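All remarks here apply to the structure that follows.
Since we're looking at a predicted model, the values are computed, not measured. The analysis underlying the following values was restricted to heavy atoms, covering all of them including side chains, and did not include hydrogens, waters or symmetry mates.
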Amino acid sequence: MHQYLFFIDGFPIRTYGLVLSLSIILATGVGYFLAKADRRGYEGHIVDLGIYCGVAGLLGARLWDVFFFDWDYYGSHLTELFNVWRGGMAIQGGVILGVLTGVWYCRRHHLDTVHLMDVLAPAIVLGQALGRCANLLNGDAFGAPTGSSFGIVYPATTLAHHVYGNQPLWPAEVWEGQLDLVIFALLLMFRTTQHAKGQCFALYVMLYSAARFGLEFLRGDYTEKVFGLFTSAQTTSLAAFTIALLFFIGLHFYQKNVPTKQKEIPAKSRRKN
């Protein structure tokens with residue numbers, strides 16, 4: 001595990017930044033492939049979407065962590081607000097702001113927003129999986145002590161070691177990255193089935209939220225509970241899963257009723273001039 005690749009006049013080139021950048025680039029490339037295979041001509045927008053959503057995702061991930069997890073510290077250390085190499089990137093905030101930026105872009109360019117969200121859902125979760133590799137290399141998003149010889153012992157330069165020392169920790173970020181790859185495959189499989197528009201993205205939210213909720217029990221980088229029940233990430237995951245499930249079910253029944261409604265419209269009124 002190497003946090004630093006090399007130095008340029010004392011300035012460190014961090015593995016974290018390199019892998020995080022690669023995760024955005026590779027996710028954008030997969031998104032381009034999926035959009036081109038979709039044959040709607042949307043692939044011409046994917047690079048711009050990758051840039052806008054990637055930057056917004058990084059900003060959202062940082063601000064979400066600062067305001068929801070570490071404001072007690074950063075509120076009096078504003079000059080360290082963007083010191084991301086010290087840890088502190090919440091993927092849920094990154095996904096939320098990234099998706100909102102994507103919706104804004106699609107509306108501005110008159111694209112079918114919901115359909116494109118379905119198309120790009122696998123690419124989004126692939127980017128998350130690769131991003132967890134960056135967390136591992138940086139020694140953040142770490143697990144709690146396992147209480148046994150099993151686990152990851154982080155180098156002395158990492159935040160994980162600063163918090164727990166030489167104790168073996170649960171490989172929470174590793175398992176999350178692996179589960180994200182499973183979700184990536186499941187979404188690709190789901191896209192080959194008959195489904196309503198919007199269901200693929202809703203399934204992505206459901207699967208990731210369920211995985212994150214469970215893995216939070218192993219996390220050790222923060223332990224504060226909301227109302228003494230769950231961590232803030234678990235609370236967000238629970239809310240997101242519930243909303244996505246309602247949409248998933250509602251979209252199914254809505255699609256079943258669409259053909260019936262269309263049959264009631266005279267053919268003449270549907271004909272284009």
Side-chain angles (χ1 to χ4, degrees), residues 23 27 31 53 56-58 60-65 67-69 88-103 113-114 116-135 140-144 170-191 193 195-252:
S23 71
C53 296
L58 293 175
R62 181 57 176 173
L63 294 180
W64 189 277
D65 182 86
F67 288 110
F68 286 96
F69 302 135
M89 298 279 281
I91 189 62
Q92 291 171 315
V95 171
I96 291 172
L97 189 56
V99 169
L100 289 176
T101 301
V103 170
T113 305
V114 177
L116 194 54
M117 289 168 69
D118 278 345
V119 171
L120 297 181
I124 295 172
V125 77
L126 177 64
Q128 292 176 228
L130 299 173
R132 284 309 183 196
C133 297
N135 292 132
D140 62 64
F142 47 87
W170 290 108
E173 71 274 58
V174 177
W175 287 348
E176 183 174 329
Q178 291 172 336
L179 285 173
D180 286 342
L181 291 176
V182 173
I183 295 172
F184 170 73
L186 290 175
L187 292 177
L188 290 179
M189 293 165 62
F190 182 76
R191 290 192 65 229
T193 67
H195 61 273
K197 185 168 69 173
Q199 278 191 312
C200 187
F201 191 83
L203 181 62
Y204 151 67
V205 175
M206 291 164 56
L207 292 174
Y208 176 72
S209 297
R212 182 62 186 271
F213 183 89
L215 286 170
E216 278 295 300
F217 288 108
L218 303 179
R219 289 285 287 267
D221 48 346
Y222 61 91
T223 56
E224 295 82 4
K225 307 289 185 181
V226 178
F227 303 120
L229 296 173
F230 303 117
T231 66
S232 55
Q234 285 178 315
T235 305
T236 304
S237 296
L238 190 60
F241 180 89
T242 303
I243 294 171
L245 177 62
L246 293 174
F247 269 99
F248 188 88
I249 296 173
L251 289 168
H252 172 74

Nearest non-hydrogen partners of A141 and A172, listed with the distance: O-CB, 4.3 Å

Nearest heavy-atom neighbours spanning M206 and F248: SD-CB, 3.9 Å

Interatomic distance, I96 atom CD1 to L63 atom CG [nearest 0.5 angstrom]: 12.0 Å

E216 to T231 - nearest heavy-atom pair and separation: OE1-OG1, 3.0 Å

Any Q234 side-chain heavy atom under 4.5 Å of F217 side chain: yes

Between F230 and F213, ring centroids under 6.0 Å: yes

Side chain to side chain, L203 and H195, heavy atoms closer than 4.5 Å: no

Spatial distance of atom OH (Y204) from atom CG (D118) [nearest 0.5 Å]: 12.5 Å

Over all atoms of both residues, closest heavy-atom pair of A202 and A244: O-CB, 3.5 Å

Heavy-atom closest pair, residues M117 and V103: SD-CG2, 4.3 Å

Heavy-atom pair with the smallest gap, counting every atom of E173 and R132: O-CB, 3.5 Å

Heavy-atom donor-acceptor pair, N135 side chain to D140 backbone, under 3.5 Å: no

